[in-house]
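Read through the structure below, which is laid out as structure tokens, and then see the notes.
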Amino acid sequence: MASQEVPKTCRVILADTIAKKLLAEVKETLAGFQGTAVSKPTLAAFLANDDPSAQQYADWSKKTCEENGFNFDLRKVDKEALEEAVVEANNDNAVDGMLVYYPIWRNNQQQDRYIQETVALSKDVEGLCHTHLFNMYHNTRFLDPPTNQKKSILPCTPLAIVKTLEHLQIYNPILAYGNRLFGKTITVINRSEVNGRPLAALLANDGATVYSVDITGVQVFTRGSGIRAPRHQVHDKEGWALENVLPLSDVVISGVPSEAFKVPTELIRDGAVCINFSSYRNFDGPAIKEKASIYVPSTGKVTIAVLLRNLMRLVANRPQSGVPTDIPE
Ligand SMILES: NC(=O)C1=CN([C@@H]2O[C@H](COP(=O)(O)OP(=O)(O)OC[C@H]3O[C@@H](n4cnc5c(N)ncnc54)[C@H](O)[C@@H]3O)[C@@H](O)[C@H]2O)C=CC1
Ligand SMILES: Nc1nc(=O)c2c([nH]1)NC[C@@H]1CN(c3ccc(C(=O)N[C@@H](CCC(=O)O)C(=O)O)cc3)C=[N+]21
């Protein structure tokens, strides 16, 4: 009997597919807000740079908000007027959540950090205020222990990648919640404070061994020996580079903001899962499809769906809003 050749095909999974699933949940949750004072939540977005990718991201966010029953209020302001504009939105009851497009001061990250902290905790839809980040790094889910009514907000892009990995069934539902990446090795290329570092921590907190790569080198994020440690641990891997970690990795996630950068396809394991979150294509299009089992070329649409979910969560965290508090995880 002639043996049937199994076609060697990589599945390309588009962000749109994952986003649609999440937006269906958003719609259902928002239905529960009808008849309250916040039937149509408002997201204010501040654009204070001339970054075309921020403008494009704002345009998509506006479209997605409006198609799904949210107000999107884009406020273009001068850098020097930004702080006061954020303070005004903090005090404006018509604003349910806000985000500021970064980077703003290209040579002064401290000043961007200052603006991140100026956003009120109760309106921080991207989860970038210190308290939200602290809770994420410490694997603490609630803002109000021991009452545990107010959920802490997780950063949008890292959470979107977690949602993507869940969709791809990299999270193993047979395992206990909070341990569903146990046994998985994941490389994250990017260690920025808003994307790569929180992502590495989230994945390690769920049990993965995570190699976090940036231009300075490699760190490994794990839950430590055994599976019981409550939060992740970080160690430097002196002298290590992509060539050491890519061959070990079940999943490769890349977010390098450069046209020229490509993850070296020949170092990636056969059958690895490859996810790009950069606005540039970090994987070499045709070649990666000969290597990867699953390839996700972008995640921006998933990020926007997560943003809307975070916005509903902020509303639900205000007891006076009167909306149901059971926003899906
Ligand atoms: N899909 C989404 O939802 C989002 C996508 N982005 C995109 O993600 C990208 C990254 O954004 P940020 O993290 O804010 O940028 P960033 O400039 O703050 O950080 C870049 C990171 O990549 C590392 N890196 C740069 N070159 C490298 C190389 N050759 N090898 C290894 N590591 C290298 C840097 O060390 C740093 O850790 C951008 O293209 C941005 O537009 C940003 C936010 C959301
Ligand atoms: N506070 C803040 N949060 C952000 O999330 C943030 C920001 N500042 N500053 C600007 C960058 C840029 N950004 C992108 C989002 C999605 C894609 C992306 O992947 N877009 C397309 C792919 C490209 C295309 O179709 O042209 C997609 O997923 O469908 C790219 C870039 C978020 N940003």
Side-chain angles (χ1 to χ4, degrees), residues 14-47 53-75 89 92-102 119-129 132 136 141 143 150-167 194-195 198-199 202 277 279 296 298-318 321-329:
L14 300 179
D16 197 43
T17 311
I18 307 166
K20 283 212 172 93
K21 198 171 75 175
L22 292 171
L23 287 171
E25 284 176 22
V26 163
K27 190 176 171 188
E28 211 172 293
T29 306
L30 192 61
F33 284 31
Q34 302 318 300
T36 74
V38 248
S39 56
K40 193 171 187 192
T42 296
L43 177 62
F46 293 92
L47 192 58
S53 83
Q55 174 72 57
Q56 192 194 29
Y57 183 58
D59 294 342
W60 286 327
S61 301
K62 180 179 174 64
K63 184 167 176 283
T64 310
C65 277
E66 290 173 355
E67 284 172 1
N68 289 277
F70 298 81
N71 295 311
F72 183 81
D73 183 356
L74 184 65
R75 301 179 181 186
D92 182 351
N93 288 331
V95 173
D96 296 296
M98 72 177 105
L99 68 86
V100 180
Y101 296 107
Y102 299 106
V119 173
L121 187 68
S122 61
K123 301 202 175 178
D124 175 27
V125 74
E126 290 207 293
L128 297 178
C129 285
H132 286 143
M136 187 268 306
R141 316 193 67 86
L143 289 162
K150 298 184 179 185
K151 276 268 175 74
S152 197
I153 299 292
L154 292 168
C156 293
T157 302
L159 182 55
I161 292 168
V162 166
K163 290 290 149 195
T164 299
L165 292 171
E166 283 176 356
H167 177 86
V194 292
N195 291 319
L199 176 60
L202 277 177
F277 72 82
S279 24
V296 182
S298 73
T299 58
K301 287 180 177 166
V302 186
T303 305
I304 297 171
V306 166
L307 191 70
L308 295 183
R309 215 218 322 237
N310 278 358
L311 182 61
M312 293 191 298
R313 172 87 72 201
L314 288 178
V315 175
N317 279 352
R318 301 197 315 258
S321 68
V323 308
T325 53
D326 54 336
I327 311 295
E329 197 54 57

With Gln55 via side chain to side chain donor-acceptor pair (under 3.5 Å) - residues at least two apart: Asp59, Lys76
Salt bridge (Lys or Arg N to Asp or Glu O under 4.0 Å) contacts in which one or both residues fall within residues 22-46, not counting sequence neighbours: Glu25-Arg309
Heavy-atom check, side chain of Ser152 versus side chain of Arg141, under 4.5 Å: no
Separation of Ile304 CD1 from Thr64 OG1 (nearest 0.5 Å): 4.5 Å
Nearest-0.5 Å distance, CG of residue Leu30 to CG of residue Asn68: 8.5 Å
Under 3.5 Å: donor-acceptor pair, side chain of Ser321, backbone of Val315: yes
Thr36 side chain vs Val38 backbone, donor-acceptor pair below 3.5 Å: yes
Heavy-atom pair of closest approach, residues Phe72 and Lys62: CD2-CB, 3.4 Å
Nearest atoms (heavy-atom pairs only) where Gly69 meets Pro41: O-CD, 4.1 Å
For the student: nearest non-hydrogen atoms of Ala305 and Ala19, plus distance: CB-O, 4.2 Å
Worked verdict on Leu121 versus Leu143 for side-chain contact (heavy atoms from CB on, under 4.5 Å): CA-CA 10 Å; Leu121 187 68; Leu143 289 162; 4.2 Å; yes
Set of residues satisfying side chain to side chain donor-acceptor pair (under 3.5 Å) with respect to Asp96, sequence neighbours excluded: Arg318
Lys123: partners by salt bridge (Lys or Arg N to Asp or Glu O under 4.0 Å), with sequence neighbours left out: none
Rounded distance (nearest 0.5 Å) linking atom CG of Leu74 with atom CG of Leu43: 10.0 Å
Minimal non-hydrogen separation, Pro155 against Met136, with atom names: CD-CG, 4.2 Å
Side chain to side chain donor-acceptor pair (under 3.5 Å) involving Glu166 - partner list, sequence neighbours excluded: Lys163
Sub-4.5 Å side-chain heavy-atom contact between Pro158 and Asn195: yes
From CG (Leu22) to OG1 (Thr17), nearest 0.5 Å: 11.0 Å
Validation row: Thr157, Val194 side chains within 4.5 angstrom (heavy atoms): no
Note, Val296 side chain near His167 side chain (heavy atom, < 4.5 Å): no
Straight-line distance of Asn317 CG to Ser122 OG, nearest 0.5 Å: 9.0 Å
Residue pairs involving residues 151-162 (criterion salt bridge (Lys or Arg N to Asp or Glu O under 4.0 Å); sequence neighbours excluded): Lys151-Glu329
Worked verdict on Arg313 versus Val125 for side-chain contact (heavy atoms from CB on, under 4.5 Å): CA-CA 9 Å; Arg313 172 87 72 201; Val125 74; over 6 Å; no
Check: Leu154 main-chain N/O paired with Asn310 side-chain donor or acceptor under 3.5 Å: yes
Shortest non-hydrogen contact from Ala94 toward Thr42: O-CB, 3.3 Å
Heavy-atom closest contact (Leu308 atom, Cys65 atom, distance): CD2-SG, 3.6 Å
Heavy atoms of other groups near Lys21 NZ, more than 12 under 6.0 Å: yes
Main-chain N/O of Thr299 paired to Thr303 side chain as donor or acceptor, under 3.5 Å: yes
Residue pair Ile153 / Leu314, side-chain heavy-atom distance below 4.5 Å: yes
Inter-residue atom distance Ser61.OG - Lys301.NZ, 0.5 Å rounding: 12.0 Å
Check: Thr164 and Phe277 side chains under 4.5 Å, non-hydrogen atoms: no
